[in-house]
Protein chains: 2
Amino acid sequence: MTELEKGPQGARRGRGARERILSASQQLFPDQGINCTGVDQLCAVAEVSKRTLYQHFTGKDELIAEYLRRFDPDIMPGVFDRADLSPRERLLAVFDIHSSLCPFLRTSVELQDPGHAARILARDHKLAFARRLTEAAREAGATDPERLGEQLALLLDGASVRSRVLDADTFATAAAIASILVDNAIPTA
Amino acid sequence: MTELEKGPQGARRGRGARERILSASQQLFPDQGINCTGVDQLCAVAEVSKRTLYQHFTGKDELIAEYLRRFDPDIMPGVFDRADLSPRERLLAVFDIHSSLCPFLRTSVELQDPGHAARILARDHKLAFARRLTEAAREAGATDPERLGEQLALLLDGASVRSRVLDADTFATAAAIASILVDNAIPTA
DNA sequence: AGCTAAGTACACCGATCGGTACCGATTGGG
DNA sequence: CCCAATCGGTACCGATCGGTGTACTTAGCT
């Protein structure tokens, strides 16, 4: 009766194999990296046969792309639309997320082919994210919202990759910079 | 039989194999990544037999570490010691280097083991680099040199990794931020 | 000369990679 | 009830990975 999710291959009554595979990807890729995670291990964790995986995805490359696509819709869920915060606070709230290495950055570094679908997705994601920051900056009354958005995006990526190499929390530093930038970019602040 | 001597091996520059291996590493690792560069290809480019490589290095891991160690001594050659620049200009001159993805960042992302010698080296390098920035900030008269040094280091790493994913020059953005930070950190500016 | 260290060439190893073929069990819809 | 599609298990494929063993050739130094 309830029509479940529709797969490209017509998984009409899918037993959830596709979901389990994606779930396993989201569990293994961030921890072990993409290149260091084999298809066999992916199947083992997902409790899925290898054959099933290749019925849902043409190959590992497509799986990686779909794995990234899952992150896209919920960019920073509940940050940009918090009504309890002032526009300025909303700009800085992004830095409260003490995250690990951003999956899009990791993918862009690990994959070599610049034309790989996943790297295109990563690029699009970063552009979209900067756009959302720009939008928030405009609402906050920044004189040059686009510039401020790009600046804040760079701070986030810097903190993300730097936390990886230093094994320390670098988001506080980024937040401090962001605070200065916001103050400088918004008149009557 | 005194047949021809197996090709033009007579003029082989027998010595200096280690140097050629390291040179090949510096040529291949940045372009193809570390995990995607095999030992065989490394040997081919270095014009070195596989046996020779393993006589100079215990394994690929040690080669990676030594490859990184080569970058260490010449951090930003001729930037921190330019007498023709004011201390403030010296702080900002670092951002004129429109570099590609920092090898230390790339290594930290590609290698999974946090205890890998190369990742320790990368961490040490980043700490040392921030220290040099801190020193330069102190000479420039910053009120909190350590803080400014860490901030500038984060900006550089952010620009580096962001240039990778966006395939664009992001160092101008970082330089603009740096200029603001420096102005804010140095009194009587 | 003659010895030794360094380098080369090439075959080889076990492990793992991404990906495929086949087969039997399960399951839902007509 | 039967058909067709999905799924799991498993063995398998060729390629490549990092790393080794062996035998031969060279360069440098007394």
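Bear in mind the structure is a predicted one, so any value in this text is a computation, not a measurement. In the text below, chain A, chain B and the rest are named by the order of the sequence lines, each starting its count at 1.
Using modelled atom types, one side-chain atom of B:Asn35 and one backbone atom of B:Glu110 make a donor-acceptor pair closer than 3.5 Å.
Distances were taken from every side-chain heavy atom of B:Lys60 (C-beta onward) to each of D:dC7, D:dG18, C:dT8; the shortest belongs to D:dG18. Checked against C:dG18, D:dG8, D:dG18, the side chain of A:Val48 finds its nearest nucleotide in D:dG8. Among the nucleotides D:dG8, C:dG19, D:dT20, the one closest to any side-chain atom of B:Tyr54 is D:dT20.
The CD1 atom of A:Ile21 sits 11.0 Å away from atom CD of A:Glu66, with the distance rounded to the nearest 0.5 Å. Considering NZ of A:Lys126 and SG of A:Cys102, their distance stands at 3.5 Å, rounded to 0.5 Å.
Nucleic acid contact for B:Thr37: sugar-phosphate only, since backbone atoms but no base atoms lie under 4.0 Å from a heavy atom of the residue.
Between the CD atom of B:Gln55 and the C1' atom of D:dT26 there is a distance of 14 Å, rounded to whole Å. The separation between A:Ile34 atom CD1 and C:dC17 atom P is 15 Å, rounded to whole Å. Rounded to whole Å, the distance from CG on B:Asp61 to C1' on D:dG19 is 12 Å. In this structure, the CD atom of A:Glu62 is 11 Å from the P atom of C:dG19, given to the nearest Å. A:Asp113 has its CG atom 16 Å from the P atom of C:dG18, to the nearest Å. Remark: P of D:dG18 and CG of A:Asn35 are 12 Å apart, rounded to the nearest angstrom. As rounded to whole Å, 12 Å separates atom P of D:dG18 from atom CG of B:Leu111. Distance, B:Leu42 CG to D:dT16 C1': 15 Å, rounded to whole Å.
Just one residue in the list B:Phe57, B:Phe29, B:Phe104 forms a ring pair (Phe, Tyr, Trp, His ring centres under 6.0 Å) with B:Tyr67, and that residue is B:Phe29.
A sub-4.0 Å separation between OP1 or OP2 of D:dG8 and a side-chain N or O of A:Thr52 is present. Remark: B:Arg51 is not in phosphate contact with D:dG18, judged by side-chain N or O atoms under 4.0 Å from OP1 or OP2. Between B:His56 and C:dG7 there is a side-chain polar atom (N or O) within less than 4.0 angstrom of OP1 or OP2.
Nearest-nucleotide mapping onto DNA chain D: of A:Glu47 and B:Gly38, the residue sitting toward the 5' end is A:Glu47. If you find the closest nucleotide of DNA chain C to A:Gly59 and to B:Arg18, the one lying nearer the 5' end belongs to B:Arg18. Annotation: of the two residues near DNA chain D, A:Asp40 and A:Ser49, the 5′-most nearest-nucleotide partner is A:Ser49.
The two residues B:Leu91 and B:Ala136 have their closest heavy-atom pair at CD2-CB, 3.8 Å.
Checked by distance alone, B:Lys50 brings a side-chain donor or acceptor within 3.5 Å of a matching partner on the base of D:dG19.
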